[in-house]
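Reading through the structure tokens given below for one structure.
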Amino acid sequence: MASSSEPQSFATALANVRRLTSSALPHQSKPAQLLVAIESTISSTLGSSDLPHSSTAYFASLQQVLEKAVNDEVPTGTVGDEEMAESENMGSGALLPAILYLLAIVIPETPNQVVISKCTNILENVLPLFDTSLEHPPALRSLIQITTSLLLVAPPALLNSSPLLKKAWNYLLELNLDPRPKVRHLAQEGIRKILVTPIPPRLTPGSHPYLPRAREWTVSILQEEVKSSGGGGRGDTKKARFADGEDQEGKRAIWVIQGLRGWVPVWGDEQLSSLCGLLLSLPPLPHLTPQIYSLLAHLLSPPPAEAAGPVPSVLTNLPTILDSLLASPPGLSETPTYLSAITSALIKMSLQDPLSLSTYLPKAFNLIFHNILLSPNTPPSVCTSAAEAVGSQGILRYCITDEAILHTLTYVRSGSHVPGARKKQKTPFLYRLISSLTESMNTHALKLPYLFSILTALISRLRLRVLLPSGNVEAKVDESGQGQTAAQELLMDLIKDVGDLRHQKGFEGKDGVDRVLGMAIEVIGVKVVLDRLPLNIEPDASGAPQYPGRAYLLPLIRERTTNDELSFFTAYFRPLSERLFEKKVSAEDGGRAAEAKVWETLVSQIWDCWSGFCEMPRDLREGLDTPFLSLLTSLLYTQPTLLSSLLRGLSQLVSSTQRLANSSSPPEELRKQFGLDQSSAKANLDYLKTLAKDMVSVLLNVFSKLPRESRGMVGEVIGLWVGIMTEKDIIETYNTVTTHLSTNLHTTVPPSAGASPISHTMLDLLIIFVPHLPPTQSQALFNAASQGTMLEHHDATVQKKSYRLLKRLLEAGKLDKARNVEEFVKKLSEAGGGVGPGAQRDRLQLLSALVESLPNDSLHIIPELLSEAVLGTKEVNERARDAGFDLLVVMGKKMAAGGKVKLQVEDDEESMGRPDTVQANAEEYITMVAAGLTGTTPHMISASINALSRLLFEFKDDISSNTLSELISTLSVFLQSKNREIVKSALGFAKVSIVSLPLEVLRPHLGSLVPSLLGWVHDHKNHFKSKTVHIFERLIRRFGYDDVYNASSEMPEERKVLVGIRKRKERAKKRKGGRDEDGEGEEGEKPRQSSGNAFDDILYNSDSDLSDDNDDDEDERPQKGRKGQQQQQQQQNKRGKQASERDNRYIRNEGDEPMDLLSRGIAGGIASSDPSAQKARRKPGQDASHFTTDKSGKMVIREDQSSDEDAGPSTSSARAMEGSGFMARNEVDGFTRDSRGNMKFTRNTKKARDNELSMMIDEEGDRKLENTKKLEERRKKRKAMGLGEEFKAKRAGGDIKRTGGPDPYSYVSLGQAGSRKQGKGGQKLNLTNKKKGSRH
């Protein structure tokens, strides 16, 4: 019986045990009954009934019970099952497992000194139980937890001297090989905790006294596995210790390695080499090999770069490890973990011995790249792992040094790479890697997706900027960061070839190409990429489009451009956008709307790229010249579609420059990476300051012309540019805005249609200016905004923005609050009666900011604002209501921080002797709020209860038990109120109390709470019943069903609801699949959705756990045969995985020309689906392929010489077939086909019938027409007859019927009998042809 692994408090853990007293399962009820008995004994001894008691009391009681149970002997004269002593009875429901279960809960909560003092006694009683509990996993798990807790608190001296602790440690080590997963994992976790937890006074883990014994035991087990080749382990005597101790194919080694992963960081640097060698000596078994490689990768992986730890350990046998790994590659199933081990070893060597790395890199690359990745039998998942091992997670990222890059550049510049040239030096490994990658792209088209990922990582690594080649061919790093990148010189030809692949017909690897080109744009730069891969989006001189068009590069440039040349955008993209805009205007004038839309989209995409060029530009001054700034101003005014793109660029200019100027990185490192440092960033920022005033003026004009909902982004950019303005410019701009505000304060008419009033616009701008205003202007603005003309303005929007402005000023911290805070509160109180709709939320938020900024000697203002905060919890608007709750919490935190509160004492006899000041704390604040419960209106009482609910949830730990008890007692009174508004709030208070308060506080009030709540279980109005039922579910969950049921004895009828809750809960448990024998719930339940506010989750989102019977029935049916369904699903997943592992790519054979399988062009003929399995469907342009085209690409359709007269009968037959096809499409039962080929049947409407009638006339002539006329005449004659007379017998005398009786039946359809013309006269008959009201 193991306790829950989830962290929980001591009181909660005991309560969860206590509520199972009446459980039908003995392994649950026995610990609960024992706990109740122990608590009863402790309560009688201490004279206190508050639960839980101290952990020391529980510990002492359980120790006594344990000693008595262990020393108990077999009673004489007993027979049968009762002859077993307590020390040997570990079965379900026995006493010892219950004691051990409670001890596992209590010992971790008991003070360490108390546990240490009784450590020897406990171990003497506990250790003999290991042998008897081997057949009983619940008891064994409790023993493991107890032993782990004792070893964690034992000091080093006791660990070294106590043989009992050493014996307990040996037990834990042996249980690491238990075949039962729960027992084994718990033992492994205990070993990990003990070895990794630092022993005081140490602060870092390691050097535990039992670490050598753990290493010795681990090595001995692994050596036995090596000797036995994984087939078996120790003798039968050792295996007999565990139930089901059969060992098969290295299971013991697997379990040891799994446990070793948790504490291998403290293994010791000196012993790591021998451990690695031992791991590589283990037999290559199917499930063991991946575990070995995974542990090796974990061992060899370097610590994070930002980790402040010791220098990585040195492995003396690292070359041997690498040789062993490279010499014995495993099967395909273990290859991913094998590759991670190799890459970790290479990374370790790059840090430990860079000189020896050059020997192993070619071997590892040849194995991973040629033997694994390019192998035709390698599944896709292994190819992905191999590509990552070479690229983003392995060789290219971590093992290629800057010196290797420079060496390769020198080799290329010297011409040694040219075929036939004299090699002046050995071919560098990096050049061989690039050559292998280039060759593989030509010969292994099926592997292109993985080669693209390697190329992307290679481009990213070659971002080193070097000096341009001069007289000396030796490559050197450009310390200024302005030179070209190594990728430009080594990879640009390959990048161009990859970009051309995208235009091949049928090529499906466009995403990989886009990633390569995106990385090239980021590393090499837009200018170089466009020189080799031009956009070609403009037509040539003859008007024909250029091929190939590369408009797809524009989104890549927008996403990947950073730290580039801004002047290139000014010189290349700006003229391009102007030419495209002219084409758009020309197309609009010519009536070519579709073409105009294309040009407009291209212009928009070009300006979307501008923000990337504005992020840390290398040439900010050159890029922002006067003509370009003039163009920006014009576009901001005249092109609303480009506004968002322009604003993003303006924002990036300021924010990225400020980040670089404030960077703490070394300047030389910044210059190497970005070509800029802090000094150059500050120079750029000074240049932007000279432009700030004019730019802000332009943005203010744009802001004023936009509608209110479109101003957000413009306001953010204005704030950024105002932040870099000089103080003089800020004051001038501020004066201009305030002048416009004072002039148009009482004008609510907008200047133009769709715009906001000028007063609203100016207030929004002042709110934006607040963080950047000097103190003098801030104080003046605060005084002006707090006047009654603003706070009581007839326009509610002006009020709202005024409150928001005051809030921002208070948060800015530039005001002298101590001087005029009382005067400001007085103004707010005077304006409280005239708050307009929509302004209440901003007013409450202002009060929150005011309370947060109050000094400790001004806390007397809080009681003055308290009533408004309490009433704010009853606001109709949800945001205003949330602001009211937030204000209450802010006030509470301010009071809880301490200080003195001055009280207003009246000069009367009742007030004499009262103190004029009280100590500020949370309890005093709760008392202030509780005074609202004496209100005269139900609205005020309800609001006070809501406020107390929120404060109780927030400050429950700061309030005394007496105060909490008084609040709950008062709640019980309000639950019996006749006012539904009060009861609704009281129910919310009850739910919060039951969920959040400790059990010892709630238990004394259970007798009054339950009857009060039962009074509303039958009231359906306002959802009172569902709310009350859910509260009872929570009560039963915390106190148990018996306690709640016993507290409802006064209401026998209403208590039936509790019985129903219990029955539904039991049915729900059965339907959910049951519980296992240990009482652990099933995993995988869906977590409750959270609103982000814990209080709201309790009050609103915590619906009932019990669904109705219909839902349960629906949930029950699919669970029948769950085991079979799981097996079937596992088989399907396995088959799907195997199918996905196969290489399901096909070569498309199109045309009659021979196919060159060694050409890179074959990539365009690769498909991911079987072309032969596709249905023969009509393809776009299929008919057009039968015609020829001229030089301009226009289709030429040659007219046949024969005319329609010469066509003969074939033409007429074709027309007949065409006519019949037309009829088939348009008649009532006909159908048509949509663009996808799906049939769409014609509806039987009047229009369809008329069309069918007209076709019948055209097809069959006058004969049909005459028949149709006769049909129409027959219908008219039928209408003239009586109801059903057309079915009357013509020759017979009629149906036999009784004289004076009704007709026996009538041949009339219900539709005909029920149809009646609206507004028409006529005889009204029933189905028996009787007139309404007649007797016969």
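All figures in this text were calculated on a predicted structure; none of them were measured in a lab.
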Who pairs with [X] by salt bridge (charged side-chain N to carboxylate O under 4.0 Å, His left out), at least two apart in sequence or on another chain?
X	result
Arg560	Glu522
Asp353	none
Glu189	Arg192

Checklist line | Partners passing ring pair (Phe, Tyr, Trp, His ring centres under 6.0 Å) against His298 (at least two apart in sequence or in another chain) | finding: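 For His298 there are no ring pair (Phe, Tyr, Trp, His ring centres under 6.0 Å) partners, ignoring immediate neighbours.
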
Check: Who passes ring pair (Phe, Tyr, Trp, His ring centres under 6.0 Å) against Phe429, sequence neighbours left out?
Finding: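 Phe429: ring pair (Phe, Tyr, Trp, His ring centres under 6.0 Å) contacts with Phe365.
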
Next item on the list: Determine, step by step, whether Ser294 and Arg261 satisfy the side-chain hydrogen bond (donor to acceptor under 3.5 Å, both in side chains) criterion, reporting the C-alpha distance in whole Å, the side-chain angles of both residues, the deciding distance to 0.1 Å, and the verdict.
Entry: CA-CA 9 Å; Ser294 178; Arg261 286 184 62 89; 2.9 Å; yes

Check: What's the shortest heavy-atom distance between Asp564 and Thr561, and which atoms?
Finding: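 Taking Asp564 first and Thr561 second, the nearest heavy atoms are CB-CG2, 3.9 Å.
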
Check: Do Thr343 and Leu300 have side chains that get closer than 4.5 Å, going by heavy atoms?
Finding: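 Side chain of Thr343 against side chain of Leu300, heavy atoms only: no contact under 4.5 Å found.
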
Checklist line | Beyond-backbone contact of Leu455 with Met441, side-chain heavy atoms, under 4.5 angstrom | finding: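 Contact flag for Leu455/Met441 side chains = yes.
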
Next item on the list: Run through Ser344, Ser340, Cys276 and flag the one making a side-chain contact (heavy atoms from CB on, under 4.5 Å) with Leu296.
Entry: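 With Leu296 as partner, side-chain contact (heavy atoms from CB on, under 4.5 Å) holds for just one option, Cys276.
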
Checklist line | Matching residue for Leu373 among Thr378, Leu451, Val382 - test: side-chain contact (heavy atoms from CB on, under 4.5 Å) | finding: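 Of all the options given, the one that passes is Leu451.
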
Next item on the list: Enumerate the residue pairs fulfilling salt bridge (Lys or Arg N to Asp or Glu O under 4.0 Å) with a member in residues 400-410, sequence neighbours excluded, ordered by first and then second residue.
Entry: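 Qualifying pairs: Asp402-Arg461, Asp402-Lys672.
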
